[in-house]
Structures are given as structure tokens and as C-alpha cells.
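Report on the following structure.
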Amino acid sequence: MLEIRKNREGTYCVVVKSDQGHTLLESISINERREAEKLAAKIRHLAGNPSNFERTTEHSGHFRFTLKGPDGSILGRSLPYQSEAGMENGIKNTLARIARGLSEG
């Protein structure tokens, strides 16, 4: 499930949450809700292809994944994971949640 959320700064982002309500992926900030809705549709489309996810290991040892567009631009990032297996599970859960559709928040 995707949720469009308005931040304190007045910008919007698209958030993918787990069944338990934990953030799996948070998009870049967008100034207008209409553009956030377009971004949600783009995320839904691109997330269908697992090769659009880039996996990284931070210097701290945490793992993250990033959803990228066809031009290599970052559309969203995960929170840090303690293990590579946890990150892979996060990608799997993100794909499953996105497949369930868009709800407004």
C-alpha cells in the first residue's frame, strides 16, 4: 500500500508501509500533491521490476535499498537495516505492499 503524506515543511512524499505500520520506503519530497500522485504511480510501475532497486551498505554496516528511475534518479529510499537478509526482506515486503494499491493518507 502506498500513502501520500504531507510533511511538516508542507511538501509531500509517498510512503510504503509494512502490515505492522513500519516505513519500508519513503520517496523524495515533492512540492505539490498532484506531482506526488504522479510519483506514486511511477513508483508503483517501477517497483514491479526488482532490478530498479539498488542495494547499498553504509560505512556504519547498515544496509539500505533505493528505488531508482530509468534515468538513475533516486525516487525513494528505505530506512537502515541491520542485516542484508533484513534488507532483502524489506524489498520483498515493499513489492508486496505496492502491489496492493494506493491509499491516501
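Numbers here simply count residues along the sequence, with the first being 1. Computed over heavy atoms, backbone and side chain alike; hydrogens, waters and symmetry mates excluded.
- Between Arg55 and Glu84 there is no salt bridge, since no side-chain nitrogen of the basic residue lies less than 4.0 Å from a carboxylate oxygen of the acidic one.
- Taking CZ of Phe63 as the reference point, atom CD1 of Ile91 lies at 11.5 Å (rounded to 0.5 Å).
- Nearest heavy-atom pair across Val14 and Ile4 is CG2-CG1, 4.4 Å.
- Closest approach of Leu25 to Ser78, counting heavy atoms only: CD1-N, 4.1 Å.
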Legend entry - Audit row: Glu35, Lys38, salt bridge (Lys or Arg N to Asp or Glu O under 4.0 Å) steps and yes/no: CA-CA 5 Å; Glu35 293 301 313; Lys38 290 179 184 177; 3.4 Å; yes
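- Distance check: Ser27 OG to Glu3 CD gives 11.0 Å after rounding to the nearest 0.5 Å.
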Inset, instruction - Kindly determine whether Thr23 and Val16 satisfy side chain to side chain contact (heavy atoms under 4.5 Å, CB included), including the steps that lead there. - result: CA-CA 6 Å; Thr23 298; Val16 180; over 6 Å; no
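- Rounded to the nearest 0.5 Å, atoms CG (Leu79) and NE2 (His62) are 11.0 Å apart.
- The distance from atom CG of Leu39 to atom CZ of Arg33, rounded to the nearest 0.5 Å, is 12.5 Å.
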Inset, instruction - Let me see the working for Asn52 and Lys68 under side chain to side chain contact (heavy atoms under 4.5 Å, CB included), right down to the final yes or no. - result: CA-CA 6 Å; Asn52 290 325; Lys68 292 194 170 188; 5.8 Å; no
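- Of all non-hydrogen atoms in Ala36 and Tyr12, the two that sit nearest each other are CB-CB, 3.7 Å.
- Across Arg77, Arg5, Lys17, a single residue satisfies side chain to side chain donor-acceptor pair (under 3.5 Å) together with Glu26, and that is Arg5.
- The pair Arg64-Glu88 fails the salt-bridge criterion, with no side-chain N (NZ, NE, NH1 or NH2) lying under 4.0 Å from an Asp/Glu carboxylate O.
- Checked against salt bridge (Lys or Arg N to Asp or Glu O under 4.0 Å), Lys92 has no partners two or more places apart in sequence or in another chain.
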Legend entry - Stepwise side chain to side chain contact (heavy atoms under 4.5 Å, CB included) check, Ile43 with Ile98: CA-CA 8 Å; Ile43 288 172; Ile98 288 173; 3.9 Å; yes
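- Remark: side-chain polar atoms of Asn7 are not paired, donor with acceptor, to backbone N or O of Glu9 under 3.5 angstrom.
- Leu95 and Pro50 get closest at one heavy-atom pair: CD1-CG, 4.4 Å.
- Applying the side chain to side chain donor-acceptor pair (under 3.5 Å) rule to Thr57 yields no partners; only residues at least two apart in sequence or on another chain are considered.
- Both Phe65 and Ile28 are members of a single hydrophobic cluster when ILVMFWY side chains are connected at heavy-atom separations under 4.5 Å.
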Inset, instruction - Begin from the C-alpha positions of Leu24 and Ser18 and carry the test side chain to side chain contact (heavy atoms under 4.5 Å, CB included) through to its verdict. - result: CA-CA 6 Å; Leu24 297 168; Ser18 70; 4.1 Å; yes
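- Between Gly69 and Leu46, the shortest heavy-atom contact is CA-CD1, 3.8 Å.
- Contact record, Tyr81 with Gly90: OH-CA, 3.4 Å, taken as the closest heavy-atom pair.
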